[in-house]
Amino acid sequence: MQEKLAKIKEEALAKLNAAGTMDTLNEIRLAYLGKKGELTEVLKGMRDVAPEERPKVGEWVNSTRKAIEERLAAAQKEIAEKALEARLKAETVDVTLPAKLPEIGHRHPNTLALEELERVFIGMGYEVVEGPEVEYDYYNFEALNIPANHPAKDEQDTFYVNDKIVLRTQTSPVQVRTMEQKKPPIRILAPGRVFRSDDVDATHSPCFNQVEGLVIDKNITFADLKGTLGQFAREMFGPETKVKFRPHHFPFTEPSAEMDVSCFKCGGKGCRMCKGSGWIEILGCGMVHPKVLRMSGIDPEAYSGFAFGIGLERITLLKYEIDDMRLLYENDERFLKQF
Amino acid sequence: MNTSYNWIKSYVPGLAAGNQEYFDKMTLSGTKVEGFAALDKNLEKIVVGRIEKLEPHPNANKLVVCQVNVGGPEPLQIVTGAPNAAEGQTVIVVLDGGKVAGDHDGHLPEEGVPIKAGALRGVPSAGMMCSVEELGFEHSYFPEAPENGIYVFPEGSNVKPGDDALAALGLHDTVFEYEITSNRVDCYSVLGIAREAAATFRLPFVPPVVPQTGNAEKASDYVSVEVKDTDLCPRYTARVVKNIKFGPSPKWMQERLRASGIRPINNLVDITNYVMEEYGQPMHAFDYDLIAGHKIVVRRAENGEKFVTLDGQERTLDDRMLMICDGEKAIGIAGIMGGENSKITDDVKTMVFESACFDGTNIRLSAKRLGLRTEASGKFEKGLDPENALAAIDRACALVEELGCGEVVGGCVDVYTKKPVPREIPFRPDWINRFLGTDISEETMLSYFPPLALEYDAARGAVKIPTFRQDLEGEADLAEEVARFYGYDNIPTTLPTGEATAGKLSYKQRVEALASDVMEYCGFSQSMNFSFESPKVWDKLRLPSDSKLRQAVTILNPLGEDYSIMRTLPLGGMLGSLATNFSRRNKNVKLYELANIYLPKALPLSELPDERRQLCFGAYGETDFFALKAAAEEFLRKAGLKDPLEYENTGEYPFLHPGRQAVIRYQETGIGYLGEVHPVTAEAFGIGERTAVAVLDLPAILPFTNLDNRHYEGLARFPAVSRDLALVMDKSMPVGSVEKMLRQRGGRLLESVQLFDVYEGAQLDEGKKSVAYSIVLRAKDRTLEEKDITGVMNKILNGLKQMGIELRS
């Protein structure tokens, strides 16, 4: 009996060692351990064994079964590991093949620049507001201290709809509309389209965007204007950015200034972008003209304020180093996809 | 405005700033300098020489060999091809290693043209004799220079060999170009800029001293002046010059004019131009003998009156234009251009100088209507100071005497009807400091005023404003004068204090930002198109002639028809941009735009149009109706429109495919439309592929949106039951109607309805289609029982029956 069991064990282990697939293992398991397997048959033959011998034989059978089972489990594990290894090997990819991306659209660079600008001013407590693009002459000119027949009306090359209605030439009318409706403190940013009768070329467009800012409160000073716009410049163009204010003239601010920032390409050393000067003109600004305050129903003795106007396209072109304004309105997807 | 730096310096003695320093400081004190150009740029080692000897060249007919004295011990041998070279001439010589600005053709290379000693056809040449073109000038700026050939100093020039030739020609000067703002009329003149320069550099300002001029006669005996329309002519002054002697103007005057970009002509013309530059006051000269009745009348023209200006053009006038007339006829258009009938010729013996002040607006509008903008009208239209008119004419007469080009008649005919009222501005240093955020002493502030001719009256606590500073009106203007001379740079930088305000985007802007986000992750890139377009777009879009969308805001003065109407729908721009991409062979392009359309409430426009922000998106190539429908729904769902969206093909959009278009409704409100573009429209725009577009009207959508109130509804805790329905229905029946019924009848237990198959084909009867839905039922609070399910399903089956829809067996 013992010999028989030893033989079964030897045979089974040999087969297990030779087996190469899960299926073969399964066959071996059935052949020895299954309902009709050899070991089961031996157990069935127990009733012929003398009772006093039975525990000993039982132990032999069990140890044989255990040995086969252990070997089986080890063989299964081995084969599974080999199979996984083979699968992983087969699944090797060329990691230098192109990446796959769902096709996502792109924001227009003007919007990207505007959003950045808005982020800076929202952080300083500015509310973003809008005003009509087709505007009354009154709001676009008269209420901004540009009376009828003022040469500034020609300078700005206005598109007229009739003698009362124009396409706004600036976002400044939003200043007036806001002051008429709101009481100070006022801090607004008013982006939007404006129109001037300029032919389309690399630096001009008859339809473009401005961003107007207005602050009205008690005790607002020219120093506040400088501080605010300096902070804006550093946020927008980097912490090293320097600003320079030059006196200028706008009918609706007094004193007025133009602000230059140190060239963010060359850091002020002079390059092609800043035409060698180290400075780039960015915006016009000034203290809101007392006449404008008065016309909008705000007492210039009690309140003061500053305003600024930024040409959005100018920022966009500079920031993204775009050399032709026409690209912004052609909407060539190859251009848009670069942002 | 371009001006010689030397000219400015002559009125600001002591001004020694280099070009860059002058540029920077003037810009920072408010006289913006656009740029500057040295007249001696790229001119090096250039001296005066005299041709001592001239011999033919042994090897070349067109060349000569000169011995030129340049002040050294030995003459230099220079070979030249100049046709005008001759012995004894005093000429300009460029020495070996020197440089000139241009070649003979007037071409000016950036780095100039280096000159080296060498040999010409075998004969050594130590340098070059040069022309004014080679110095970088057009010939016409040097009237004495020969048409062709080297420059020869005229007889009597105070030069000798070896002298700096550039100094002799007045070329050690710099031309500054200023951007004068429209409020500073006074700075459109050399004197105005010089006054600013003096104030900026804190140096004395020394304007020219103008002596009394004129003989014992009286101008009023020669000519009378009558101003009929005093509203347009506050001042008219006239002086008379007789025994006119023409000749070239002196060197110093020519040099200054040249540096200002003005060609010297003759003494009288040059004086007029010189004074116009110096004082900013245009003047005109009439031939006295051609003035009928020796009388000048200033009056408005008559409508339709014809007049020939001195350029020989006939002009048609209207009754808003101001004319200068004599006793019989018009002799000039005031402030714009004189007449041919009175122009100065070489035969003139006596002339009348006019220096007047005209209404700036009137001149500007007249010049515009005439299409005739001149140097003079450009100055007048800014609104000149009438006080300046007399100062300028006296200066001109003084120059006439100084240059000896005529005999000035004594006195001046001066019709001065509207004197400017002198202005006073209260001076409150505290207020100025509060306004600027500075702490400048009163004394410092007051120190800025005298150089600007602002007079402080301590007793009245006010500043008296000179008439040439019409721009100074109130305290804020005084604050600016203080600020710019204190230095904008020296003003502190602070941040506004006071009540905090909440920075934010408006709700509408947040919805728009969401639209952008959704569009982009659906693959559409943002485009921007002009707000105006051509009315031809309407034809391309096949809009019927009576379409409301053809009622547009029209621009009176457009940049051509292509930009003449404000768009009433966003498709012109979208399809135009898609076409641009198509023509550039870009594949599968998808664009969106967020911008306004402009719908007039009534025409002609009396109130502002309705500006409606549109979300428009379109694509060609691998796209179709349903791809755009998906993007539209994605945005609307994200914006909080939770109820069913309804689509109906009403056939109302002529620019869309008749079988592939739909209006989109939400809670019975039209919120937009979409469809494939009609092939005829696509072709008209030049898009050769299947194109689909969608337009969502954001103002209509906004009331339904909900970005802020969202609530968690819990995860489903009880099992769902799924039932599939296979239906056979008429082909023409939209599946949307089935879905609507399923939702209605499914009630609260209906969790979702999903269409998973539509089939049309052989196994079905003609005109039928098979549609399969998967319906999911679920209760929130319990496991569904069989009777719940049958209840709902029976309602649905009844509904189907009522719609004439059969279950597929």
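A note on names: the letters A, B, ... follow the listed sequences, proteins ahead of strands, and every chain is numbered from 1.
With a threshold of 4.5 angstrom between heavy atoms, A:Phe306 approaches chain B through side-chain atoms but not through N, CA, C or O. Residue A:Ser277 does not touch chain B at all, counting heavy-atom pairs closer than 4.5 Å. Within the 4.5 angstrom heavy-atom criterion, no atom of B:Asn433 approaches chain A. Only the side chain of A:Asp217 comes within contact range of chain B, judged by heavy atoms closer than 4.5 Å. Of the two parts of A:Glu133, the backbone and the side chain both hold a non-hydrogen atom closer than 4.5 Å to a non-hydrogen atom of chain B. Looking at B:Val553, only its side chain comes within 4.5 Å of chain A, counting heavy atoms on both sides. Heavy-atom distances place the backbone of A:Leu328, and not its side chain, under 4.5 Å from chain B. Contacts between A:Pro132 and chain B at a heavy-atom distance below 4.5 Å involve backbone atoms as well as side-chain atoms. No part of B:Ala500 comes within reach of chain A, as not one of its non-hydrogen atoms sits under 4.5 angstrom from that chain. Using a 4.5 Å cut-off between heavy atoms, A:Ala148 makes no contact with chain B at all. With a 4.5 angstrom heavy-atom cutoff, B:Leu591 touches chain A only via side-chain atoms. With a threshold of 4.5 angstrom between heavy atoms, A:Val200 approaches chain B through side-chain atoms but not through N, CA, C or O. For a residue to count as touching a neighbouring chain, one of its non-hydrogen atoms must lie under 4.5 Å from one of that chain's; by this rule A:Tyr160 touches chain B with backbone and side chain alike. Using a 4.5 Å cut-off between heavy atoms, A:Ile220 touches chain B through backbone and side chain atoms alike. For B:Pro558, the part lying near chain A is the backbone, with the side chain staying farther off; criterion is any non-hydrogen pair under 4.5 Å. When heavy atoms are compared at a cutoff of 4.5 Å, A:Asp199 approaches chain B by way of both its backbone and its side chain.
Side-chain atoms of B:Asn596 and B:Arg613 include a donor-acceptor pair closer than 3.5 Å. Counted by atom type alone, A:Tyr329 and A:Glu313 present one or more donor-acceptor pairs between their side chains at under 3.5 Å. Between the side chains of A:Ser304 and A:Asn219, no donor-acceptor pair of N or O atoms lies under 3.5 Å. Residues A:Arg334 and B:Asn586 have side chains that bring a donor and an acceptor to within less than 3.5 angstrom of each other. A donor atom on one side chain and an acceptor atom on the other are not found under 3.5 Å apart for A:Asp332 and B:Thr580. Side-chain contact check for B:Ser531 and B:Tyr598: at least one donor-acceptor pair (N or O, by modelled atom type) lies under 3.5 Å.
Comparing B:Phe524, B:Phe532, B:Trp431 by how many heavy-atom pairs each has under 4.5 Å with chain A, the most go to B:Phe532. Counting heavy-atom pairs closer than 4.5 Å to chain B, the top residue among A:Glu135, A:Met124, A:His289 is A:Glu135. Heavy-atom pairs under 4.5 Å with chain A were tallied for B:Glu607, B:Arg484, B:Gln509, B:Glu473; the largest tally goes to B:Gln509. Comparing B:Thr497, B:Thr438, B:Leu556, B:Thr554 by how many heavy-atom pairs each has under 4.5 Å with chain A, the most go to B:Leu556. If you tally non-hydrogen atom pairs under 4.5 Å between each of B:Asp477, B:Thr493, B:Thr494 and chain A, the highest count goes to B:Thr494. Of all the listed residues (B:Met519, B:Glu499, B:Arg434), the one sharing the greatest number of non-hydrogen pairs under 4.5 Å with chain A is B:Glu499. Between chain A and the residues B:Ile555, B:Leu28, B:Asn183, the largest count of heavy-atom pairs under 4.5 Å involves B:Asn183.
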Practice task
Show the numbers, then the answer: is there a side chain to side chain donor-acceptor pair (under 3.5 Å) between B:Ser527 and B:Tyr592?
Solution key: CA-CA 6 Å; B:Ser527 60; B:Tyr592 78 94; over 6 Å; no
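Cation-pi check for B:Lys379 over B:Tyr188 is not met; the charged atom does not lie both under 6.0 angstrom from the ring centroid and within 45 degrees of its normal. Remark: A:Arg246 fails to qualify as a cation-pi partner of B:Tyr488 under the 6.0 Å distance and 45° angle criteria applied to the six-membered ring.
Using cut-offs of 30° and 60° for the angle between ring planes, the B:Phe36 and B:Phe23 rings count as perpendicular.
Between A:Glu127 and A:Lys182 a salt bridge is recorded (basic side-chain N to carboxylate O distance below 4.0 Å).
Remark: B:Arg320 CZ to B:Arg369 CZ distance equals 3.5 Å, nearest 0.5 Å.
A:Asn140 contributes no side-chain N or O that, together with a main-chain N or O of A:Tyr136, makes up a donor-acceptor pair within less than 3.5 Å.
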